[in-house]
Amino acid sequence: MIRYLAQAWLVILLGLCFGAALAGMQMLVADRIAENKLNETLAQIPVLVPGAERGEPATVGERTVYRALQGDRIVGWVVPAGGLGFGDRIELLVGLDAQAATLTGLYVLEQKETPGLGNKIGDETWRDQFQGKRLGTPLTVVKRDPAPDSAEIRAITGATISSQAVCTIVNQALTDEFRAALAAAAQE
Amino acid sequence: MASLDQPTALERFINGILPENPVYRQLLGMCPTLAVTNSMQAAMTMAGATAFVLISANTITSLIRNVLKPHLRILVFTLTIATFVTIADRFLAAYMYEMSKQLGPYVPLIIVNCVIVGRCEVCGSRQPVHVAFSDGVGQSIGFALALASIASVRELLGSGTWFGLPVLPASWPAWVIMLLPPGAFLTLGALMGVVNWYQARRAATAK
């Protein structure tokens, strides 16, 4: 033990100091980063849900979601969803119609996937295939042209895991139960 | 030990800018050099973040050099560098959100930039704080100049702008290839050739 400490005390001490410094940094800027993300989310709502003019936060099933509003009418929902990608956490915004039955759009809020391969999940051409997918059957990743009117998503070449991760995150976020809660909330 | 033949603070500073330029002479840090130089704004943000990490890590390493166990040094360098990179990353996400999204994973990738760990090994862990600090500043300026030279060529030819401001007439057919990865290799190769030619000529006239 003494020998171990004699060798490693500097590493342990530095680890503690640096850990404290990072915690301090996080406390200083966490609010601002959250605010930046909120602004970006609100700016994306008209893109993600057709016909939406603005969005406002709401709580459905104990989760924070965004109502997509046209005037005072709910035309859809934007649901934040996150999970592990190939590199780091992927955070998505998923656009749904008011009944939460169809995907209307997908946006990548944060990702640190491999540049040139996995980071193509942010490309519009890839994200566009989520538009119009009927929910109910889980999305699956295929390595060929997806069958029309199916829940199939074409994988990005060289980034199957990132593609799979996006689909898994969407599937896990939009359970039948949660979609029913959204549809009920839209009726109110 | 052989502290007599170690370069002084001023020599370290000057060496970093041109004679031992991290990009053109040491050929280190090629990943950010090639990846984020398609616009001046991105390149200068990267240069700034790298400078912060390099100067801080070099200074800290120098402060603890006398209690540093040689076989644990790489571990300590990485720990120090990773801490400052995370601070820089969070700072960008809070105050330069757009740029942070544009740079994406390249900010965390500063951790594996060999320029930084190289300076900690060569200078920080061997020389006093003021030398390590001026070495960090010199190398950072050298790195920034290298990124600026490449980014200027690429942004000018690729989009006809510089720092986002229009420079070339609107009739300029933007060479999109300059913004894509091949443009980075072409520009780096051409500029490296110019630097080598200049060095060779200077060496020849000095004889």
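Nothing here was measured: the structure is a model prediction, and the numbers come from that model.
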Handout entry: Enclosure of A:Ile12 CD1 (heavy-atom neighbours >12, cutoff 6.0 Å)
Key = yes
Completion exercise
Here the gap from B:Leu109 atom CG to A:Lys112 atom NZ, rounded to the nearest 0.5 Å, amounts to 10.0 Å
Handout entry: Contact listing (chain A partner; residues 45-72 of chain B; heavy atom under 4.5 Å)
Key = B:Ile60, B:Ile64, B:Val67, B:Leu68, B:Lys69, B:His71, B:Leu72
Exercise for the section: Decide if atom CZ of B:Phe163 counts as having more than 12 heavy atoms of other residues, nucleotides or ligands within a radius under 6.0 Å. Expected result: yes
Problem - Heavy-atom contact with chain A under 4.5 Å, split by part of B:Phe91 - result: both
Practice task
Give, as side chain, backbone, both or neither, the part of B:Ser100 having an atom under 4.5 angstrom from any heavy atom of chain A.
Solution key: neither
Problem - Non-hydrogen atoms of A:Val11 and B:Leu79 that approach each other most closely - result: O-CD2, 4.0 Å
Problem - Min side-chain heavy-atom separation A:Phe18-B:Thr86 under 4.5 Å - result: no
Practice task
Using atom types as modelled and distance alone, determine if a side-chain donor or acceptor of B:Lys101 lies under 3.5 Å from a backbone N or O of A:Leu109.
Solution key: yes
Handout entry: Proximity breakdown for A:Glu35 and chain B, heavy-atom pairs closer than 4.5 Å
Key = neither
Fill in the blank from the handout: So CD of A:Gln26 and CD1 of B:Ile87: to nearest 0.5 Å the spacing works out to 11.5 Å
Exercise for the section: Taking the side chain as every heavy atom from C-beta outward, state whether B:Pro105 and A:Glu113 have any pair of such atoms under 4.5 Å apart. Expected result: no
Exercise for the section: Give a yes or no on whether A:Ile161 atom CD1 has more than 12 heavy-atom contacts from other residues, nucleotides or ligands under 6.0 Å away. Expected result: no
Fill in the blank from the handout: If one checks every heavy atom of A:Leu10 against chain B at 4.5 Å, the contacting part turns out to be side chain
Exercise for the section: Could you tell me which portion of B:Pro181 (side chain, backbone, both or neither) has an atom closer than 4.5 angstrom to a non-hydrogen atom of chain A? Expected result: neither
Exercise for the section: Report yes or no: does A:Arg32 contribute a side-chain atom to a donor-acceptor pair with the main-chain N or O of B:Ala94 at less than 3.5 Å? Expected result: yes
Exercise for the section: May I ask you to name which of A:Leu22, A:Asp31, A:Asn36, A:Asp88 has the most heavy-atom pairs under 4.5 Å with chain B? Expected result: A:Asn36
Practice task
For side chain to side chain contact (heavy atoms under 4.5 Å, CB included), just list the numbers for A:Asn39 and B:Tyr97, CA-CA rounded to whole Å, side-chain angles, deciding distance to a tenth of an Å, and then say yes or no.
Solution key: CA-CA 11 Å; A:Asn39 288 340; B:Tyr97 190 62; over 6 Å; no
Completion exercise
When the 4.5 angstrom heavy-atom criterion is applied to B:Leu75 and chain A, the contacting part is side chain
Handout entry: Pair listing, ring-ring contact (aromatic ring centres under 6.0 Å, His included) test, anchored in residues 62-120 of chain A, at least two apart
Key = none
